[in-house]
2 protein chains.
Amino acid sequence: MSRVSSAERRAALVRAALRVIDRDGVHAATTRMIVAEAGMSLASFHYAFRSRDEMMRELIAFVVADEQRVSLEALDPDADIRSAVRAGMRAYFELLRAHPSREQALQELVQYSLRTPGLEHLPRAQYASYFHTARVLLERGAENAGVQWGLPIEQLARILIAITDGLTVAWLADRDDEAAGTLIDFAADTIGALALSRRSVTPKSS
Amino acid sequence: MSRVSSAERRAALVRAALRVIDRDGVHAATTRMIVAEAGMSLASFHYAFRSRDEMMRELIAFVVADEQRVSLEALDPDADIRSAVRAGMRAYFELLRAHPSREQALQELVQYSLRTPGLEHLPRAQYASYFHTARVLLERGAENAGVQWGLPIEQLARILIAITDGLTVAWLADRDDEAAGTLIDFAADTIGALALSRRSVTPKSS
DNA sequence: GTCTATAAAGTGATAGAC
DNA sequence: GTCTATCACTTTATAGAC
């Protein structure tokens with residue numbers, strides 16, 4: 001029996017790798033940097049993982065699942081739909097301001113996967129997860145506010161993710177908080193305007 | 001006297017580096033790959049540039065200037081504003097479909113600059129250039145269509161760039177042409193709806 | 001100016017002692 | 001299982017012949 005299970009050692013290495021990536025970027029996450037961060041020897045890495053690529057694969061799966069978990073916790077059940085969308089985007093933006101390197105790392109992981117043979121399919125799953133999360137948030141937000149969407153929710157989810165991604169990379173580049181806030185307000189107004197009250201879509205009963 | 005000037009050798013190396021980055025990504029643009037692509041020896045690289053970082057600096061400056069030049073050529077002078085915005089975005093999307101690796105490379109260069117000491121300010125300039133280009137396109141489009149904008153044009157430019165960036169990364173991940181087209185139509189409708197006819201904003205003279 | 005050869009440092013992965 | 005030591009390779013950069 002080992003002092004720590006194989007799964008625990010793997011998880012510890014993934015967490016260490018994430019700290020390195022968060023701090024210095026994907027290119028800095030060498031096996032030596034990762035084991036130094038985890039307080040292990042280099043050989044332990046290859047005892048837990050067959051290769052660095054195998055670890056990166058597990059890391060990306062973990063990150064995608066974690067993003068989904070965090071996003072779904074940020075829903076305000078008592079708000080009109082425009083406020084709910086704005087609050088959700090502002091919550092994300094505060095996360096971005098608090099951990100810019102973390103969000104940048106997620107974008108780097110997409111680029112890395114797209115360029116790495118055998119990992120090209122991961123960004124598709126990552127964005128499918130993003131769209132799913134946005135869709136759930138929009139559905140619950142509309143339910144809480146007593147409205148329904150005037151556009152297919154898949155389209156709305158893609159719009160929301162596109163604006164959020166665009167907001168992120170522009171802010172990472174110029175750190176303009178005011179412009180980001182204005183963009184969020186615009187997005188919330190625009191998306192909020194696409195909601196129809198439930199009564200207005202059943203005029204025969206009024 | 002040299003057979004080719006120092007500036008020409010530097011430009012040739014930058015173009016070779018761009019071909020490598022376009023094909024295999026920023027991480028693959030090693031000095032050896034670049035000189036092989038340019039048909040030079042390794043020593044020639046360090047004769048033209050003090051270091052790889054110096055070359056990357058010149059490369060990014062070149063790319064930013066080139067993007068600005070290309071974008072400003074894609075303007076249709078005879079269109080209503082909604083069609084003009086949609087046509088501009090569709091033209092960009094066709095460019096993306098034709099050269100996905102090139103657009104991915106631009107995003108990689110942003111991430112690379114943000115992580116490289118001494119290059120952190122370049123993404124700011126790059127996005128300032130993007131915003132300036134979007135602003136010029138929106139101004140000329142409105143002028144051609146005989147309308148004016150109901151929102152500050154800086155805000156509109158940032159919205160346009162954010163949606164374009166978000167569209168790009170999502171499409172690179174899942175290659176969903178139909179979803180991208182729908183997103184473009186939505187963006188064109190939304191931004192087009194923010195244009196006011198010139199007559200409607202000068203009611204006193206009517 | 002342009003080459004070959006090589007230095008100096010970093011990389012992923014493994015062998016073998018304990 | 002966990003270490004040290006090391007292999008085989010790649011990287012940027014430079015020295016020195018021509």
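Every chain is numbered from 1 and lettered A, B, ... according to where its sequence line falls, protein lines coming before strand lines. Predicted, not measured: the structure shown is a model, and the values here were computed from it. When reading the values below, keep in mind they use all heavy atoms of this one structure, side chains included, and skip hydrogens, waters and symmetry mates.
- By the side-chain hydrogen bond (donor to acceptor under 3.5 Å, both in side chains) test, A:Glu139 is found to be paired with A:Arg135, residues two or more places apart in sequence or in another chain being considered.
- Applying the side-chain contact (heavy atoms from CB on, under 4.5 Å) criterion to B:His132, with sequence neighbours excluded, gives B:Gln68, B:Val136.
- DNA chain C is contacted by no residue of residues 12-21 of chain B, taking any non-hydrogen atom closer than 4.0 Å.
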Pairs under 3.5 angstrom, nitrogen or oxygen only, protein versus nucleotides 8-12 of chain C, please.
{"from": "C:dG12", "atom 1": "OP1", "to": "A:Thr31", "atom 2": "N", "distance (Å)": "3.4"}
{"from": "C:dG12", "atom 1": "OP1", "to": "A:Arg52", "atom 2": "NE", "distance (Å)": "3.2"}
{"from": "C:dG12", "atom 1": "OP2", "to": "A:Thr31", "atom 2": "N", "distance (Å)": "2.9"}
{"from": "C:dG12", "atom 1": "OP2", "to": "A:Thr31", "atom 2": "OG1", "distance (Å)": "2.6"}
{"from": "C:dG12", "atom 1": "N7", "to": "A:Arg32", "atom 2": "NH1", "distance (Å)": "2.9"}
{"from": "C:dG12", "atom 1": "O6", "to": "A:Arg32", "atom 2": "NH2", "distance (Å)": "3.1"}

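- For A:Tyr92, the side-chain hydrogen bond (donor to acceptor under 3.5 Å, both in side chains) partners at least two apart in sequence or on another chain are A:Glu103, A:Thr168.
- Remark: B:Asp177 engages B:Arg97 in a salt bridge, criterion side-chain N to carboxylate O under 4.0 Å.
- Atom P of nucleotide D:dA13 and atom OH of B:Tyr47 are separated by 17 Å, given to the nearest angstrom.
- The ring-ring contact (aromatic ring centres under 6.0 Å, His included) analysis of residues 10-47 of chain A, with sequence neighbours excluded, yields the pairs A:Phe45-A:Phe49.
- Evaluation of the side-chain hydrogen bond (donor to acceptor under 3.5 Å, both in side chains) rule for A:Glu67 yields no partner, not counting sequence neighbours.
- Residues of residues 110-123 of chain A having a heavy atom closer than 4.0 Å to DNA chain D: none are found.
- Taking the side-chain hydrogen bond (donor to acceptor under 3.5 Å, both in side chains) definition, one finds that B:Ser44 meets it with B:Ser41, sequence neighbours left out.
- Sorted by first and then second residue, the pairs that involve residues 159-185 of chain B and meet ring-ring contact (aromatic ring centres under 6.0 Å, His included), not counting sequence neighbours, are B:Phe93-B:Trp171.
- Listed nucleotides: C:dT4, D:dC3, D:dG1. Nearest to the side chain of B:Ala43: C:dT4.
- A:Pro117 is linked by a side-chain contact (heavy atoms from CB on, under 4.5 Å) to A:Glu120, counting only residues two or more places apart in sequence or in another chain.
- At the phosphate of C:dT2, OP1 or OP2 sits under 4.0 Å from a side-chain N or O atom of B:Arg9.
- Side-chain atoms of A:Gln111 and B:Gln111 include no donor-acceptor pair closer than 3.5 Å.
- At whole-Å resolution of the value, CZ in B:Arg10 and P in C:dG1 are 15 Å apart.
- In this entry the distance linking CZ of B:Phe49 with C1' of C:dG1 reads 16 Å, nearest Å.
- Taking atom CZ on B:Phe45 and atom P on C:dG1, their separation rounds to 19 Å, with Å as the unit.
- Contacts of A:Tyr112 classified as ring-ring contact (aromatic ring centres under 6.0 Å, His included), with partners at least two apart in sequence or in another chain: none.
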